[in-house]
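Each ligand, and each atom within it, is numbered from 1 in the order the structure gives. For clarity, every value in this text was computed on a predicted model and none was experimentally measured.
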Amino acid sequence: MKTKFEPFKIKTIEHIPITKKEDRKVYLKESFYNPFYLKSDLITIDLLTDSGTTAMSSKQWAALMDGDESYAGSKSYYKFENIIREITGFKHILPTHQGRAAERVLFSTTGGKGKHILNNTHFDTTRGNIEYTGATASDFITEIGKRPDLIGDFKGNIDLVALKEYIEKVGKENIPLCMLTVTNNTGGGQPVSMENIRQTKELLKGYGIPLYLDCCRFAENAYFIKRREKGYHTKTIKEIAQEMFSYADGCTMSAKKDGMANTGGFIATNDDALFDKFKVNLIVTEGFLTYGGLARRDLEALAQGFVEVLDESYLEYRVEQVKSLGDMLLTAGVPILVPTGGHAVYLDAARFCPHIPPEQFPGQSIACEIYVEGGIRSCEIGSIMFGKTGENGKFIPATMELVRLAIPRRVYTQSHMQYIAECISEIHKRRKELKGMKITWEAPFLRHFTAKFEYV
Ligand SMILES: *Cc1c(COP(=O)(O)O)cnc(C)c1O
């Protein structure tokens, strides 16, 4: 059979708000043209993020009831720890309330002024947490990874030549660790190959620099390896994930992604001395070692989520659903980042609106229009998120101008995908009418969350 279908049926439904186009123009203006300020009851389809927006399974809901709310030594924690150890093999595992808390624990103990943290591409909160300590966050994406229009199997790979050069330049003693983000969220949800992970480890080993995975979407990455990399077709997702983690010395994870639940995260390491520092930091800021800022029932939902995410029929549905949206847009002539990644379709705003220069944020203008047209919320991933002001006030654009349509896990159906594609195709037809934008207010860190805008 050619038809692919959702490998689940629906037990509970949630009504979605339907609003009028004229009203949406007002809501957007009242939200300072930043979709982050929109109230969710004004949104028909929410593609702002796939983070913590997963629909849980009946087994996860049942597991919540089984949560052991003990402050210390909860049996729910040990379930959580066991499944994560089974997948990752790491010696020490600490829960956190979400991914950025794991990042804060990691970088407040390893970062600081004069230190350099390397990555294929740092996610925004990762970069934020590194820079907050005074350290420098540097990206080493391959040339093809910077090109939204070029097809490649592993566009999330790190550039090993550039990485080596940089290590030689700044000195290994100033590099507490190197990360690989799997899949590479900021770079289009593109996977990293097993070969690239292995070679990164080999290179770093020579310098004594540890490798950490930012493994929010480790299962989606493993699925791409299974489909695209030689030698992995007959391996299970779990075996592939285990091999990925075997090259790393630790990881941070936002379990709001491939943990298949609504909140949670963890940090893991094989380093005993570092683990002692993590523990102190966690207890001071997050909570005790066996809950780390989470309700213990959340650990139950996550323990079950980590089992479900390894199911290949789920991953096939997941990746195919994202691809189907991408294919509909490509058929309509809409420029998107190709190939589609694991969790989102990224519109290529630079090609969508070439008449709007990067300093007028084409991605933001498109995201606003998508809301007005169809009540759909998306997210700019371009110069608002990653643009900078250099010396003498000069504007430095991001590598790519993108709009991310992140697909929540197990939430929307195929007809929702058709509606989204239709809405964006309509905008694309009248794209020349879209106007540039300017920032009227911004925060010093992670400005995209709270910045306010106007049309120029
Ligand atoms: C979501 C995400 C994070 C941060 O996790 P939160 O749970 O949102 O704090 C870090 N890295 C990547 C790659 C992510 O996608």
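- Summary of contacts: the protein heavy atom closest to atom 11 (N) of ligand 1 is Asp214 OD2, 2.8 Å.
- For ligand 1, the atoms sitting less than 4.0 Å from at least one non-hydrogen atom of Thr181 are 13 (C), numbered in the order shown with element in parentheses.
- Not a single heavy atom of Gly265 sits under 4.0 Å from any atom of ligand 1.
- Ranking protein heavy atoms by distance to atom 7 (O) of ligand 1, first place goes to Ser254 OG, 2.6 Å.
- For ligand 1, the polar-atom distance check finds no N/O of Cys216 at less than 3.5 Å from any of the ligand's N/O atoms.
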Carefully, step by step, assess Tyr77 and Tyr291 under the rule ring pair (Phe, Tyr, Trp, His ring centres under 6.0 Å).
CA-CA 7 Å; Tyr77 166 75; Tyr291 74 87; 9.8 Å; no
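- With contacts defined as side-chain heavy-atom distances shorter than 4.5 Å, the pair Lys91/Asp272 qualifies.
- The closest heavy-atom contact to atom 10 (C) of ligand 1, among the options Glu103, Arg100, Gln98, comes from Glu103.
- Shown in contact with Gly99 at under 4.0 Å from a heavy atom are these atoms of ligand 1, numbered in order with element: 5 (O), 6 (P), 7 (O), 9 (O).
- Checked by distance only, ligand 1 and Thr125 stay at 3.5 Å or farther apart across all their nitrogen or oxygen atoms.
- Between Arg147 and Asp149 there is a salt bridge, since at least one side-chain N of the basic residue sits less than 4.0 Å from a carboxylate O of the acidic one.
- Using bins of under 30°, 30° to 60° and over 60° for the plane-to-plane angle, the ring pair His343/Tyr346 lands in the perpendicular bin.
- Remark: minimum distance from atom 14 (C) of ligand 1 to any protein heavy atom is reached at Lys257 NZ, 2.9 Å.
- With sequence neighbours left out, the salt bridge (charged side-chain N to carboxylate O under 4.0 Å, His left out) criterion links Glu316 to Lys4.
- A salt bridge links Arg85 and Glu81; the closest N-O separation between the charged side-chain nitrogens and carboxylate oxygens is under 4.0 Å.
- The contact set between ligand 1 and Lys256, taken as ligand atoms under 4.0 Å from a residue heavy atom, comprises 7 (O).
- Residues Arg228 and Phe154 meet the side-chain proximity criterion, which asks for heavy atoms closer than 4.5 Å.
- Ligand 1 has no nitrogen or oxygen under 3.5 angstrom from a nitrogen or oxygen of Thr183.
- For the side-chain contact (heavy atoms from CB on, under 4.5 Å) with Lys79, the qualifying choice from Asp68, Asp66, Leu299 is Asp66, the only one to do so.
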